[in-house]
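Here's the structure, in structure tokens; my notes come after.
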Amino acid sequence: MSQRVTVAVPEPLFARLQPVKQRFNISAVCQEALEMAITIEELKTQVAEDENLVQRLQSEKKVLLNKVRQEGFELGIRSSAKLSYKDFRHFERVQSLAASLDEDVLDYLWSYLNEKDYPEQARHLDADFAYLLEVDPMSRITFAQGWIDGVLSVWQTVKTQVENPQ
């Protein structure tokens, strides 16, 4: 049994329909279009509700962000050799602000490393990784937070010797 549905169309479309409406079955065209639209929406809903997909993507995101943080951490360690006592003390003071960094932080980090004459080739990143930092604000923030953590890990290692010379 079929149900009736009224379809409203804009005036311009209705005007275009008039000369050609005898060449096809309007009901069949609408049914086919509805069938396609409903199928697409059902598929999207099914995929979106699939917990396995969501969990897998969340897990992949977590792994990727951990890699981003690790890359930043390692760069922080390597670039620490160019930092001054004042720089280390500054990063120690502002460490709590690292949680509120914004997506422009990477531009500041590169500028900072340029000021410290840290060689650009020493911070060269894999092309896929560099692209990720370019397109994903959260990755830029995570990378910079990792860098600060790397710098401060070096500082924690040498701080006692610097502060209390023997």
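Contact record, Ser79 with Leu113: CB-CD2, 3.8 Å, taken as the closest heavy-atom pair. Leu133 and Ser139 make their closest contact through CD2-O, 3.5 Å (heavy atoms, listed as atom of the first residue, atom of the second, distance). Closest approach of Ile26 to Lys21, counting heavy atoms only: CD1-CB, 4.0 Å. The minimum heavy-atom distance between Glu120 and Asn114, with the atom names listed, is OE1-OD1, 4.4 Å. The two atoms that bring Asp102 and Ile141 nearest to each other are O-CG1, 3.5 Å, heavy atoms only. Pairing each heavy atom of Ile77 with each of Gly150, the nearest pair is CG1-O, 3.6 Å.
Atoms NZ and CG, from Lys67 and Leu64 in turn, are 9.0 Å apart once rounded to the nearest 0.5 Å. Met36 contributes atom CE, which lies 8.5 Å from atom OG1 of Thr39 (distance to the nearest 0.5 angstrom). To the nearest 0.5 Å, the span separating CG on Leu13 from CD on Gln18 amounts to 10.0 Å. Here the straight-line distance linking atom OH of Tyr112 with atom CZ of Phe91 works out to 4.0 Å at 0.5 Å rounding. Of the inter-residue distances, the one linking Phe143 atom CZ with Met138 atom CE reads 14.0 Å to the nearest 0.5 angstrom. Atom SG of Cys30 and atom CD of Glu32 lie 10.5 Å apart (nearest 0.5 Å).
Within 6.0 Å of the NZ atom in Lys116, the count of heavy atoms belonging to other residues, nucleotides or ligands exceeds 12. Other residues, nucleotides and ligands place no more than 12 heavy atoms under 6.0 Å from the CD atom of Glu35. Other residues, nucleotides and ligands contribute over 12 non-hydrogen atoms within 6.0 Å of the CD atom of Glu163. Surrounding CZ of Arg56 are more than 12 heavy atoms belonging to other residues, nucleotides or ligands, all under 6.0 Å away. Within a 6.0 Å sphere centred on CD of Gln156, heavy atoms belonging to other residues, nucleotides or ligands number more than 12. Counted within 6.0 Å of CD on Glu11, heavy atoms from surrounding residues, nucleotides or ligands total 12 or fewer; the atom is thus considered open.
Phe88 and Tyr108 are members of different hydrophobic clusters when ILVMFWY side chains are connected at heavy-atom separations under 4.5 Å. Residue Leu34 is not grouped with residue Val9 when hydrophobic side chains (ILVMFWY) are merged at heavy-atom distances under 4.5 angstrom, including chains of intermediate members. Taken together through direct or relayed side-chain contacts under 4.5 Å among Ile, Leu, Val, Met, Phe, Trp and Tyr, Val63 and Phe73 form parts of separate hydrophobic clusters. In this structure, Val5 is not a member of the same hydrophobic cluster as Leu17, with clusters built from ILVMFWY side-chain heavy atoms closer than 4.5 Å. Val105 and Leu65 fall into different hydrophobic clusters, where Ile, Leu, Val, Met, Phe, Trp and Tyr are joined by side-chain heavy atoms under 4.5 Å apart, directly or via other members.
When side chains are defined from C-beta on, Trp155 does not count as touching Leu83, because their heavy atoms never get closer than 4.5 Å. A 4.5 Å side-chain heavy-atom check between Leu106 and Leu109 finds at least one atom pair inside the cut-off. Contact check for Leu101 versus Leu97: no side-chain heavy atoms found under the 4.5 Å cut-off. At a threshold of 4.5 Å between non-hydrogen side-chain atoms, the residues Arg93 and His90 count as touching. In this structure, the side chains of Leu57 and Glu60 come closer than 4.5 Å at one or more pairs of heavy atoms.
Every residue two or more places apart in sequence or in another chain was checked for a ring-ring contact (aromatic ring centres under 6.0 Å, His included) with Tyr118, and none qualifies. By the side chain to side chain contact (heavy atoms under 4.5 Å, CB included) test, Val135 is found to be paired with Tyr131, residues two or more places apart in sequence or in another chain being considered.
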Open item on the list: Quick one, Gln95 with Asp149, criterion side chain to side chain contact (heavy atoms under 4.5 Å, CB included). Give me CA distance, side-chain angles, the key distance, then yes/no.
Closed with: CA-CA 8 Å; Gln95 179 182 20; Asp149 290 345; 4.1 Å; yes
- [ ] Just do the side chain to side chain donor-acceptor pair (under 3.5 Å) check on Ser84 and Asp87 with the steps written out, would you?
- [x] CA-CA 5 Å; Ser84 67; Asp87 294 329; 3.0 Å; yes
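At least one donor-acceptor pair under 3.5 Å links the side chain of Thr45 to the backbone N or O of Glu41. Remark: the backbone N or O of Thr142 is not paired with any side-chain donor or acceptor of Arg69 at under 3.5 angstrom.
Using modelled atom types and a 3.5 Å distance limit, the side chains of Glu74 and Gln70 yield a donor-acceptor pair.
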